[in-house]
2 protein chains.
Amino acid sequence: MNPKTNGYDSGVTRTESGARRTYNQYCGLASALDVLGERWTLLIIRELLMGPRRYSSLLADLPGVGTNLLAERLKSMTERGLVRQVQSDSGARMSYALTEVGQELRPMVLGLAKWGMEFVGPYSPGEVVRPHWGFLAVEAMFQPDKVPDRDEQYQFEVDDQVFHVDVRDGRAHAMKGPADAPAMIATVDAATFIEIGTGRKTPLAAMVTGKLKLDGDIEAVLRCCDLIGLETGALRSHATAG
Amino acid sequence: MNPKTNGYDSGVTRTESGARRTYNQYCGLASALDVLGERWTLLIIRELLMGPRRYSSLLADLPGVGTNLLAERLKSMTERGLVRQVQSDSGARMSYALTEVGQELRPMVLGLAKWGMEFVGPYSPGEVVRPHWGFLAVEAMFQPDKVPDRDEQYQFEVDDQVFHVDVRDGRAHAMKGPADAPAMIATVDAATFIEIGTGRKTPLAAMVTGKLKLDGDIEAVLRCCDLIGLETGALRSHATAG
DNA sequence: CTGCATCCGCCTCGATACTG
DNA sequence: CAGTATCGAGGCGGATGCAG
């Protein structure tokens, strides 16, 4: 509409001390991306969504980040109120935790994680996998309209990490740690777990190759698969056949 | 062997033709960010969420992007199946439109836009504003539990753009173009509209300074404000007083 | 050892010029 | 109008330094 003389400054805003690249747009999404859009930021938030983490722990689970960049991102996120430093439970060392504002990103992060499942290819050695990412994957895959009627728990043991899904009053929640009385226990390695989540591998196929072990009531297994949107046709017929 | 080039770089995957920086993580979010995380990509999707757009139109509404980068992003998004080229309604020229996969990003984009509202400061001349961003702002601000009982329409005229909210059967939808029978018409400039959305300015304050004009039933205005989460206390008392 | 800060090479980005 | 080509600047990644 206007010619190019509408007085903007080329999309880059610069200050004396910290040069920071902003979109310079008066818009909620642009402002959100000014905060979150730089490299690694949302992955750091993904890590912190599962609880407070130490600097070195973040560094270990985000290979390639570079220590200076991680420190700079954490500082920036702290200044903007997404992250705060908290006392680590064991000792006087500090951990980083999400603030309320940071926690508000959970639904969007989960939505992006689910959306991105479609772009996850077959697992290739050399790619980084962490078992606790399966926790978020399960949370992202919840089908709100498929929550079982009965209250029960499903436990997942992914590599060395244990978490469970708690179904209660028609709602499902993902929780860290073991369940009190799991109706089903799935034991699996992290890569296979993600691979099943993407739909590239069915639970049955993973069981056949020995990558996945399922203990407990077969009906509970099927309800759990329905809850997280996994295909159960082959598994169902296999169960009745076996 | 050169010690700097031994092995492979973690975090960077390189192919012969197009070098592309990926997180190299077997995770849905990381894959999503490999697709969406580069600069300008999500802002291009924001533009396309409101309908097909021409190349030059995108360029005009994304100042600072640089033509090469816009072309490269559109090509990449087309290859990945987020975007496709469609026939423009007027003439044989091509426009860019979101595919089904691209449309699936709407809730996450709206969520981020709403979240980012908190980081939008007061409007400073020099920042870019576009009236159609108000369309997305309204969509992002919908309070699903505050949809009015009665079916009605609210029309918004932001600079030269007209859109409306259609309330029907307990659901609200944002639509392009004028309403059939609007119960309320708001006329406002784009900057003020976003400023109200962020909560930095109340509708009443904007009316007093002449930036916002509200026509129609005062009760409809109040219902509309409730629907999009705007503070109505002062407006309500002002209406009864006047 | 943890939690950063500094330095350096490279790749992405942004602006301009240019072409069909 | 719809891009492609080019080039300088700076963000990013990796290695290293250093204080507590």
Side-chain angles (χ1 to χ4, degrees), chain A residues 4 8-25 33-34 37-41 43-44 52-78 83 85-88 90-96 128, chain B residues 2-15 17-25 33-34 37-41 43-44 52-78 83 85-88 90-96 128:
Chain A
K4 18 174 128 171
Y8 62 82
D9 186 33
S10 81
V12 175
T13 302
R14 169 184 315 283
T15 53
E16 294 266 42
S17 55
R20 184 158 277 282
R21 185 174 269 168
T22 84
Y23 287 112
N24 197 36
Q25 293 186 358
L33 293 176
D34 284 338
E38 290 173 308
R39 219 167 141 68
W40 295 106
T41 303
L43 293 184
I44 296 169
R53 295 283 290 275
R54 303 281 294 275
Y55 182 90
S56 55
S57 170
L58 290 171
L59 207 56
D61 280 346
L62 299 171
V65 67
T67 81
N68 54 347
L69 206 59
L70 177 59
E72 203 270 328
R73 292 286 185 272
L74 287 169
K75 198 173 86 174
S76 166
M77 291 163 72
T78 303
V83 163
Q85 284 183 289
V86 298
Q87 210 77 336
S88 187
S90 61
R93 295 294 193 144
M94 294 301 252
S95 289
Y96 291 92
V128 180
Chain B
N2 190 339
K4 287 182 183 174
T5 57
N6 58 352
Y8 61 91
D9 307 339
S10 66
V12 177
T13 302
R14 175 185 310 281
T15 53
S17 56
R20 186 157 278 281
R21 185 174 268 168
T22 83
Y23 287 111
N24 198 38
Q25 292 186 357
L33 293 177
D34 284 339
E38 290 172 308
R39 216 167 144 70
W40 296 105
T41 303
L43 293 185
I44 296 169
R53 295 283 290 274
R54 303 281 292 275
Y55 183 89
S56 55
S57 170
L58 291 170
L59 207 57
D61 280 346
L62 299 171
V65 67
T67 82
N68 56 345
L69 206 58
L70 177 59
E72 203 270 327
R73 294 287 185 270
L74 287 170
K75 198 172 87 174
S76 166
M77 291 164 73
T78 303
V83 163
Q85 285 182 290
V86 298
Q87 209 78 337
S88 186
S90 61
R93 293 294 193 145
M94 294 301 252
S95 289
Y96 291 93
V128 180

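Below, chains carry the letters A, B, ... as their sequence lines are ordered, and counting in each starts from 1.
One can place CD of B:E38 at 21 Å from P of D:dG10, the figure rounded to the nearest angstrom. Atom CG of B:L59 is separated from atom P of D:dT4 by 13 Å (rounded to the nearest Å). The separation between B:L58 atom CG and C:dG14 atom P is 16 Å, rounded to whole Å. The distance between atom CD of B:E72 and atom C1' of D:dA2, rounded to the nearest whole Å, is 16 Å. Distance OH (A:Y55) to P (D:dA19): 17 Å, rounded to an integer number of Å. We find that CG of A:L70 is positioned 10 Å from C1' of C:dG3, with the value rounded to whole Å. When the P atom of C:dT2 is taken as reference, atom CG of A:L74 falls 16 Å away, rounded to whole Å. Between the CZ atom of A:R21 and the C1' atom of D:dG8 there is a distance of 12 Å, rounded to whole Å.
B:T67 comes within 4.0 angstrom of a base, heavy atoms only.
Checked against C:dG3, C:dG14, D:dC12, the side chain of B:L69 finds its nearest nucleotide in C:dG14. Nearest nucleotide to the B:S56 side chain, out of D:dA2, C:dG14, D:dG20: D:dA2.
By the 4.5 Å heavy-atom criterion applied to side chains, B:M94 and B:Y55 are not counted as neighbours. A heavy-atom distance below 4.5 Å is not found between the side chains of A:L43 and A:V65. Contact check for A:R53 versus A:S95: no side-chain heavy atoms found under the 4.5 Å cut-off.
The shortest distance between the side-chain N/O atoms of B:R39 and the OP1/OP2 oxygens of C:dG14 is below 4.0 Å. In this model, the phosphate group of D:dG13 is approached by a side-chain N or O of A:W40 to a distance below 4.0 Å at OP1 or OP2. For the pair A:R93 and C:dT2, the criterion of a side-chain N or O lying under 4.0 Å from OP1 or OP2 is not met.
What you find for B:V83 and B:Y96 is that their closest heavy atoms are CG1-CD2, 3.8 Å.
For D:dG3, the base has no donor-acceptor partner in the side chain of B:N68 [N/O atoms by modelled type, under 3.5 angstrom].
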